[in-house]
Amino acid sequence: MSEGEVFHEKQRLELCAIHALNNVLQEQVFTKETADDICKRLAPQCVVNPHRSMLGTGNYDVNVIMAALQSRELAAVWWDKRRTVQSLCVDKVQGFILNVPSRVSLGIVSLPVKRRHWLAVRQVNGHYYNLDSKLKSPVCIGNEADLRTFLSEQLSPDVAEMLLVVRRDVEEYGTWLNSDDLRK
């Protein structure tokens with residue numbers, strides 16, 4: 001990947017969790033096979049693994065994402081939506097993984113059904129990007145103020161969730177929050 005490029009995996013099967021992980025890391029680290037191995041470690045005795053689709057097409061849950069990040073010496077911090085995104089110390093966050101409702105489509109036909117979808121957001125070369133694997137290419141969000149607006153809009157539906165991707169020491173000391181918010 002050259003300096004100006006933004007790594008962006010596109011949607012395949014139900015592998016949005018893998019795409020979100022790789023997009024937030026800006027390299028292909030995880031595959032369906034590595035995610036399936038994580039599922040087996042999380043539930044070794046289960047015939048039907050609760051951390052992925054029964055059909056074997058992906059649809060991995062948050063436990064797989066968290067274990068994958070831990071394998072890279074990173075942590076996932078659940079964002080408490082009672083806080084405003086203004087309380088984020090974004091320079092301590094390597095990226096964001098959001099879980100949002102998403103329309104289901106068969107080819108060009110959009111169905112009146114919504115499913116959960118993982119997407120990544122991160123800074124590359126001074127700009128924040130929406131790295132949703134369902135997009136044809138990365139979409140530049142802009143600067144930090146634009147990022148905060150974008151995240152606020154994404155989190156406004158009660159059904160959206162956000163994970164902060166941080167180093168383990170940032171998780172341990174809670175430095176992903178602005179210092180004023182740490183005292184609360």
> Going by the salt bridge (charged side-chain N to carboxylate O under 4.0 Å, His left out) test, which pairs reach into residues 123-133, not counting sequence neighbours?
Replying inline: none
What are the two closest heavy atoms between [X] and [Y], and how far apart are they?
X    : Y    : value
F30  : A68  : CZ-O, 3.3 Å
A160 : R116 : CA-NH2, 4.2 Å
R168 : E73  : NH1-OE1, 3.4 Å
R122 : G95  : CB-CA, 4.0 Å
S152 : V85  : OG-CG2, 3.0 Å

Look up atom [atom1] in [X] and atom [atom2] in [Y], then write down how far apart they are to the nearest 0.5 Å.
X    : Y    : atom1 : atom2 : answer
L88  : L164 : CG    : CG    : 5.5 Å
L74  : L21  : CG    : CG    : 10.0 Å
C89  : N178 : SG    : CG    : 5.5 Å
E171 : W176 : CD    : CH2   : 9.5 Å
I18  : Q28  : CD1   : CD    : 9.5 Å
N99  : L119 : CG    : CG    : 8.5 Å

Taking only residues two or more places apart in sequence or in another chain, which ones pass side-chain contact (heavy atoms from CB on, under 4.5 Å) with [X]?
X    : value
M66  : V62, A76, W78
A120 : A20, N23, V24, L131
Q123 : Y128
V139 : N130, L135

> Who are the salt bridge (charged side-chain N to carboxylate O under 4.0 Å, His left out) partners of D80, not counting sequence neighbours?
Replying inline: R82
> Sequence neighbours excluded, which residues qualify as salt bridge (charged side-chain N to carboxylate O under 4.0 Å, His left out) partners of E33?
Replying inline: none
Any side-chain heavy-atom pair of [X] and [Y] under 4.5 Å:
X    : Y    : value
H117 : S133 : yes
K10  : H19  : no
Y129 : I141 : no
V165 : V93  : no
F150 : V121 : yes
L151 : M162 : yes

Excluding sequence neighbours, so at least two apart, what forms side-chain hydrogen bond (donor to acceptor under 3.5 Å, both in side chains) with [X]?
X    : value
Q70  : none
Q94  : none
D169 : R167
E27  : R72

> After noting the C-alpha distance and the side-chain angles of W118 and I65, does the key distance pass the side chain to side chain contact (heavy atoms under 4.5 Å, CB included) rule?
Replying inline: CA-CA 10 Å; W118 297 105; I65 290 174; 3.4 Å; yes
